[in-house]
Amino acid sequence: MMNIGWQTVNASQIGKIKFGTDGWRGIIADDFTFANVRRVTRAIASYLETAYTKSRPVLVAYDTRFLAEKFARTAAEVLAELGWSVKITDRDCPTPVIAYNARYLNSAGALMFTASHNPAPYCGIKYIPDYAGPATPEITDTIVANIFGVEDTPPKFIRNDRISTFNPQPEYLKFIYSLIDIEKIRHARLRVKYDALYSTSRGYLDTVLRYCGCELETFHAYRDVLFGGGMPEPQGKQLTQLVAAVQADAADLGLATDGDSDRFGIVDELGNILTPNAVLLLLARHLIENKGKTGAIVRTVATTRLLDNFAVKYRLPLYETPVGFKYIGEKMRETTVLIGGEESGGLSVIGHIPEKDGILANMLVAEAIAYAGKPLSQLVAEAIADADGPLYNHRIDLHLSDAHKAAIIDSFTQNPPRAIAGIAVKEVSRKDGVKLYLAEGSWILLRPSGTEPLMRVYMETNSLDKQDRIVMEMERAIGQIGNR
């Protein structure tokens, strides 16, 4: 225990509160407790005091997780006691929706309770400033520093007069409708399957699809805090039922979102689950060719370099950022960005807020089909070919100790290999993790996760055989580091 002036706090508990690429996440009833929520809320409020006046409301929202609405109410009561007026959503809410409202309502920002695509035992909290995008590192660093100077006790007085509920849906939907060609989609009469994965997008994405004239069948469009025993992650085995439904009814496409609806999941008419990299290529081409848009392409270090080929072909600026949409959002606030995205399934586009939005991403795919009048699989193939592809992407997730992860990063930084799978390493970058650029255009990225106990190894190559050889060599090298 450590004493800070008038209070006593548990240093080990404080030490667990770390803001990663997208806020702080923890296991409910372990480190994600009501006491720690009060502590983090007060730390955020200390930042708010330096950035906003109390004439501006603070918004609070939450996803479908266990106790999420109770955690949100706890934060609202803490903020109200500190003199802030608080507007809390009237139901669980997508992250892009509360982000848009943070700007629309001229707020002092929003607190969003979510653990995104993480398993059911997790919850999380992130602060979204009034510019409607993820908090930048200087903001989150300030919040984390503030944690050591605040208490975790309940408010002495509950100021319900300063807390009100509101419906964030109408203004967000109005904004989304301004970004898509509703009549074009209506004319296409698309047949769509939608798996909400028990997420916050239910009542949002299905509403937009029906408004745009799509014939729709939905799955799992209700709250289940256990997410059906799976994860609210729109990929792989989580989409088995969606794939089967698309194939059984010969639908035009299948759509899904993650838990807080900032990531997308897309299934083409053949039942193939599209990679986020493929969707980014498809939509970049759609925005340029069909909608006449222009601007920079922004991608993270882990995202396909086929986007770089588009940038060259269409004479657009290309920016590479560290992993985390906050860096893409920051670039969107600095310059005109055509599309910004990451291989993990988040994107935003020109005219939208600097926050990833799975609802809009899904609708833009529907719009692309409507414009072209072609099957989605064909559009993806054309986009990849237009970018001089294909290239092959792969990711290995390794559950390793913190010490092992640190040793790996240190080893590849201090003594990078001269070659991988017989291919010379021509450059090493430390923009985020360690990225090895190989002589023939392949690359490998080693990066500890900012939100999960994982070491991720990403790679992109021009052949599956080469990919297999790189995987084998990287696993062998990492294993040797662990045995030292």
Side-chain angles (χ1 to χ4, degrees), residues 235-236 263-268 270 272-289 296-323 328 338-347 361 365 368 376-397 417 419-429 431-447 456-475:
Q235 58 181 251
R263 298 188 187 191
F264 56 85
I266 313 285
V267 176
D268 71 15
L270 301 177
N272 301 308
I273 301 172
L274 302 186
T275 67
N277 282 326
V279 174
L280 285 167
L281 292 168
L282 166 74
L283 293 184
R285 187 169 183 257
H286 167 60
L287 291 170
I288 296 166
E289 297 285 355
I297 293 176
V298 185
R299 61 161 180 79
T300 66
V301 293
T303 303
T304 181
R305 66 178 174 86
L306 288 181
L307 287 168
D308 303 38
N309 296 346
F310 264 170
V312 172
K313 177 173 183 175
Y314 293 104
R315 298 181 180 179
L316 303 176
L318 185 285
Y319 298 100
E320 181 183 74
T321 74
V323 171
I328 296 174
L338 173 73
I339 189 167
E342 52 190 1
E343 61 76 40
S344 57
L347 67 82
V365 172
L376 180 55
S377 62
Q378 183 178 339
L379 293 181
V380 170
E382 289 176 358
I384 291 172
D386 201 23
D388 299 325
L391 294 176
Y392 301 94
N393 295 83
H394 186 66
R395 189 180 88 188
I396 311 169
D397 288 349
I420 298 287
I423 309 166
V425 175
K426 68 174 185 178
E427 183 184 347
V428 179
S429 170
K431 180 174 288 185
D432 189 357
V434 179
K435 189 170 184 178
L436 308 175
Y437 294 88
L438 307 189
E440 41 66 88
S442 298
W443 56 261
I444 304 160
L445 172 68
L446 299 99
R447 182 181 180 278
R456 293 197 165 109
V457 183
Y458 306 79
M459 63 195 70
E460 184 171 65
T461 66
N462 58 12
S463 80
L464 292 175
D465 174 68
K466 192 177 295 181
Q467 175 182 287
D468 290 342
R469 288 189 285 120
I470 291 173
V471 168
M472 289 178 61
E473 184 151 337
M474 291 302 296
E475 288 180 339

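For reference, positions follow the sequence shown, starting with 1.
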Query raised in the report: Do you know the tightest heavy-atom contact between S429 and Y437?
Result: CB-CE1, 3.8 Å
Query raised in the report: Hey, does the side chain of D432 reach the backbone of P322 with a donor-acceptor pair shorter than 3.5 angstrom?
Result: no
Requested in this report: Kindly indicate whether the side chain of L274, heavy atoms from C-beta on, has any atom under 4.5 Å from the side chain of V365.
Outcome: no
Query - Residue pair E289 / Y314, side-chain heavy-atom distance below 4.5 Å - result: yes
Query raised in the report: Less than 4.0 Å between a side-chain N and a carboxylate O, is that true for R395 and D397?
Result: yes
Query raised in the report: Quick one: does L280's side chain get under 4.5 Å of I339's, heavy atoms only?
Result: yes
Query - N277 and L306, any side-chain heavy atoms less than 4.5 Å apart - result: no
Query raised in the report: For A421, does its backbone N or O pair with a side-chain atom of R469 as donor and acceptor, under 3.5 Å?
Result: yes
Requested in this report: Find out whether E382 and R285 are in side-chain contact, i.e. whether some heavy atom of one side chain is under 4.5 Å from a heavy atom of the other.
Outcome: yes
Query raised in the report: Just by modelled atom types, is the Y458 backbone N or O under 3.5 Å from a matching donor or acceptor in the R447 side chain?
Result: no
Report summary line: Of L391, I470, L438, the one forming a side-chain contact (heavy atoms from CB on, under 4.5 Å) with T461 is I470
Query raised in the report: If we ignore angles and hydrogens, is there a donor and acceptor under 3.5 Å between the side chains of E460 and T304?
Result: yes
Requested in this report: Would you confirm whether K431, through its side chain, and V301, through its main-chain N or O, come within 3.5 Å as a donor-acceptor pair?
Outcome: no
Query raised in the report: Quick one: does I266's side chain get under 4.5 Å of P276's, heavy atoms only?
Result: no
Query raised in the report: Any ion pair linking E342 and R299 (charged N to carboxylate O, less than 4.0 Å)?
Result: no
Query raised in the report: Is there a side-chain contact between V312 and F310, using heavy atoms and a 4.5 Å cut-off?
Result: no
**Report entry** NZ/NE/NH1/NH2 to OD/OE distance under 4.0 Å, E343 and R456
**Finding:** no
**Report entry** Test item: side-chain donor near acceptor, S442 and E440, under 3.5 Å
**Finding:** yes
Report task. Please tell me if the side chains of V428 and V434 come closer than 4.5 Å, counting only heavy atoms from C-beta onward. Result -> yes
